[in-house]
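Whatever order the structure lists ligands and atoms in, that order sets their numbers, starting from 1. All values below were derived from every heavy atom in this structure, side-chain atoms included, with hydrogens, water molecules and symmetry-related copies excluded.
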Amino acid sequence: MISTKDYSGIEPFREKVWLSSPTMHGDEMKYITEAYEMNWMSTVGENINAIEVEAAKYIGCSFAVALSCGTAALHLAVKLAGEEIYGKPRIGHGTLEGRHVFCSDMTFDATVNPIAYEGGIPVFIDTEYDTWNMDPVALEKAFEIYPEVKVVVIAHLYGTPGKIDEIREICDKHNAVIVEDAAESFGATYKGRQTGAFGKYNCISFNGNKIVTGSAGGMLLTNDIENADKVRKWSTQSREAASWYQHEELGYNYRMSNVIAGIVRGQIPYLEEHINQKRAVYERYRDGLKDLPVSMNPYDEKKSVPNFWLSCLIVDKEAMCQQVRGERDVLYISESGKSCPTEILEAISSINAEGRPVWKPMHMQPIYRLHGFVARGGSGCGGTNTYIKRSPLDAGADIFERGLCLPSDNKMSVKQQDRIIEVIKRCFG
Ligand SMILES: *Cc1c(COP(=O)(O)O)cnc(C)c1O
């Protein structure tokens, strides 16, 4: 498995070019220092209050609750949905226990794990090729197979809004609640509205590699004050209004620290600057790679403006060299004029830059191998690793096979990016 391509003359970067690294601006230290000096070194304080107001206003949701991470936000979001629909479970049981829940398939596992935390059974909906998000056609099929489903979790992959109108129409028809995972898409819009405002319960993330970061952190967004209050209470151990520690509900330690909130507070004013830089990175790749048999991760220009968090490419089918992935290993055969994600990622890595494969679809993950999967053509069924047998591949498996994430750091210089583009070109030499 050795590439036969010639990368000679392309110097490795002395300092690594990252996939997506934090970009600090200075105000972060000011807010952290304020917290320190006033001794608000806790999960209460002015920074938390400020970012909740700012994020809610920016996204256009009435309420935001700052939490320890996006995964915690998603957990409490699906818990709210579960409790609303199925009622409060006994202690030791989840709100979604034994219930099927539809969710995006090609995404980070943090989108779907919270369903399992609540005892639910994720059923994965295949991906469409127009935005690499949940396929409404497959979703409609899924409701034929599982008409009882009442919760749908949708992600906006790599900062590109999915087919929100179509998905919402289907969910409304089936009386299903949408939980929106906007962890990757903070700042992206669909028909002029921010992602994170379309579901009943919505989440964003401030993880270290997201478009703005607190080093960690996340938020739940909702228009319902009772739900916002419930999340605030749950996330601080569900303490009741009594002078001692009184508990009537299960609690969590999910609240954001006021120190972390200080970093987020310093970052939010730079969200649009970061988006503009990321867009420029995306457009330079698109222009620089236009003569190769590849295309960029697509979006609907008429309806949406992505935040361009990660730039990705997908190799044309005819230009793929042979590549075989096992559960942990991969082999490919280098071939003139053709390439594959493994070869391109190795080439990028050889010059000290960081790319990575696109998210491996959840229906292909061993942990979820017994779970249902519904593609456009109908049920992929549970029970087996159906992707191995299906021909042609479902869209998710196909995009995973041919796609990869490019170094998308907003601090990457034009010169650095030109070098990355050059090494990708050599892969097709
Ligand atoms: C990052 C991410 C999350 C989780 O956010 P954390 O803050 O890391 O817990 C959830 N969903 C998606 C799609 C993500 O990319």
Protein heavy atom at shortest distance from atom 5 (O) of ligand 1: S205 OG, 3.2 Å

Parallel under 30°, tilted from 30 to 60°, perpendicular over 60°: which one fits the rings of Y252 and H75? perpendicular

Determine, considering heavy atoms only, which of K210, E184, H156 sits nearest to atom 2 (C) of ligand 1. K210

Could you tell me which atoms of ligand 1, counted from 1 in the order shown, lie closer than 4.0 angstrom to a heavy atom of A110? 3 (C), 4 (C), 10 (C)

Identity and distance of the protein heavy atom lying nearest atom 11 (N) of ligand 1: D181 OD2, 2.7 Å

Are R239 and Y245 in a cation-pi contact, defined as NZ or CZ under 6.0 Å from the six-membered ring centre and within 45° of the axis? yes

Polar-atom distance check: A155 versus ligand 1, any N or O pair below 3.5 Å? no

Among protein heavy atoms, which lies nearest atom 9 (O) of ligand 1, and at what distance? T71 OG1, 2.5 Å

Pull out every atom of ligand 1 sitting under 4.0 Å from any heavy atom of G217, numbered as shown with elements. 7 (O)

I need the atoms of ligand 1 closer than 4.0 Å to a non-hydrogen atom of N207, numbered in the order shown. 7 (O), 8 (O)

Within 4.0 Å of some non-hydrogen atom of G70, the atoms of ligand 1 are 5 (O), 6 (P), 7 (O), 9 (O)

Could you check whether R99 makes a cation-pi contact with Y86, meaning its NZ or CZ is under 6.0 Å from the centre of the six-membered ring and within 45° of the ring axis? yes

Under 3.5 Å between some N or O of ligand 1 and some N or O of W309? no

Between E83 and K230, does any side-chain N to carboxylate O distance fall below 4.0 Å? yes

Please identify which of these residues, I178, I115, V123, meets the side-chain contact (heavy atoms from CB on, under 4.5 Å) condition with F102. V123

List every atom of ligand 1 that sits less than 4.0 Å from any heavy atom of A183, numbering the atoms from 1 in the order shown and giving each element. 2 (C), 3 (C), 10 (C), 11 (N), 12 (C), 14 (C)

salt_bridge(R376, D126) N-O dist < 4.0 Å: no

For L74, the atoms of ligand 1 under 4.0 Å from one of its heavy atoms are 10 (C)

F373 vs H363 aromatic rings, parallel, tilted or perpendicular, using cut-offs 30° and 60°? parallel

Lys/Arg-Asp/Glu bridge criterion (N-O < 4.0 Å) met for E249, K233: yes

Atom indices of ligand 1, in the order listed, that fall short of 4.0 Å to a heavy atom of T107: 13 (C)

Can you say whether the rings of F206 and F186 are parallel (under 30°), tilted (30 to 60°) or perpendicular (over 60°)? perpendicular

